[in-house]
Amino acid sequence: MRLVLLGPPGVGKGTQGRRLAAERGWALISTGEMLRDAVARRTPLGIEAGRRMDAGELVPDEVMIGLVRDRIAQPDAARGFVLDGFPRTVPQADALEQVLHERGQSMNVVLYLTSPESELVSRLSARRECPVDKRAYNLVTAPPKDGRHCDDHPGVELVQRADDAPETVRRRLEVYRRQTAPLIAYYRDRGSLKDVPGDGSVDEVYRALKRALNGAGNG
Ligand code: AP5
């Protein structure tokens, strides 16, 4: 099973993708996490990408396409994968189709998560993540048990992502509308898009997501 989670910043792609991939034994391919890892290790990619991420801009298509091409070829992706954060532009979507075609594969379904923008902004301002396992918490909707530290890594304090600063969130939403939202029509025209309401609780959204997968014949 190969699927894409499409949707704006803060809609819950990472939260839902992590849960779905763990439950089904599929690889979770999060391009945002791959880039943040490169930033933390201060690799040449990380140094270049970090500047763009901090500004709320996208990393160039050719860099992202190369990263995803290599990642899809890893053994753990053979059973299936969930793409979180890729594709994000039409050239990336075209390249993904080509990469899969070369491998004799295709994308099974694109799940499009939606939520009002006010909800996205408030979720992102309260997001905190564990620097060890990258799990996302939310100070309002999904706080850690003691309010400050990761539930699974005692003593590890949660951190706020640099690009969750309010002005960067505004920029990310603009970039989403301009560069990523055209993928909604792109995939709808191909008949592979399923709409999933993303504004209920995490459990409600997860159930809706699984219903959409069932509807696509892939539950
Ligand atoms: P990336 O990490 O992909 O960021 P994003 O798409 O902006 O998405 P987020 O991670 O912010 O949100 P999410 O939808 O995963 O929500 P989450 O589950 O965390 O990319 C970061 C940057 O990397 C980009 O800006 C770009 O620079 C670069 N990049 C990455 N991929 C790229 C590509 N392909 N091309 C070019 N550049 C690329 O949830 C958010 C919060 O809400 C959390 O606190 C969570 O606990 C909470 N929450 C989740 N669901 C619910 C719910 N149902 N109810 C209440 N709270 C909820």
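When reading the values below, keep in mind they use all heavy atoms of this one structure, side chains included, and skip hydrogens, waters and symmetry mates. First listed ligand is number 1; within each ligand, the first listed atom is number 1. Owing to the predicted nature of the structure, the values given are computational and were not obtained by experimental measurement.
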Salt bridge flag under 4.0 Å for residues [X] and [Y]:
| X | Y | answer |
| --- | --- | --- |
| Arg71 | Asp76 | yes |
| Glu23 | Arg19 | no |
| Arg171 | Glu174 | yes |
| Asp54 | Arg161 | no |
| Glu167 | Arg172 | no |
| Asp37 | Arg41 | yes |

Report, in ascending order of atom number, the atoms of ligand 1 lying under 4.0 Å from any heavy atom of [X].
| X | answer |
| --- | --- |
| Arg172 | 4 (O), 5 (P), 7 (O), 9 (P), 11 (O) |
| Thr15 | 17 (P), 18 (O), 39 (O), 45 (C), 49 (C) |
| Met53 | 22 (C), 23 (O), 27 (O), 28 (C) |

Tell me yes or no: between the side chains of Tyr176 and Glu117, is some donor less than 3.5 Å from an acceptor?
-> no
Indicate whether the side chain of Thr168 and that of Asp163 have a donor and an acceptor atom separated by less than 3.5 Å.
-> no
Taking [atom] as the point of reference, which of [options] owns the nearest heavy atom?
| atom | options | result |
| --- | --- | --- |
| atom 53 (N) of ligand 1 | Gly12, Ala126, Gly200 | Gly200 |
| atom 27 (O) of ligand 1 | Lys13, Arg127, Glu57, Arg161 | Glu57 |
| atom 31 (N) of ligand 1 | Thr31, Leu67, Leu58 | Thr31 |
| atom 3 (O) of ligand 1 | Arg88, Met34, Arg135 | Arg88 |

So which bit of [X] gets within less than 4.0 Å of ligand 1, heavy atoms only: side chain, backbone, both or neither?
| X | value |
| --- | --- |
| Gln92 | side chain |
| Leu35 | side chain |
| Val205 | side chain |
| Asp164 | neither |
| Thr141 | side chain |
| Tyr176 | neither |
| Arg36 | side chain |

Please indicate whether any nitrogen or oxygen in Val59 is less than 3.5 Å from any nitrogen or oxygen in ligand 1.
-> yes
Contact check: Gly10 vs ligand 1, nitrogen or oxygen atoms, below 3.5 angstrom = yes
Is Arg190 close enough and on-axis enough to Tyr186, meaning under 6.0 Å and within 45°, for cation-pi?
-> yes
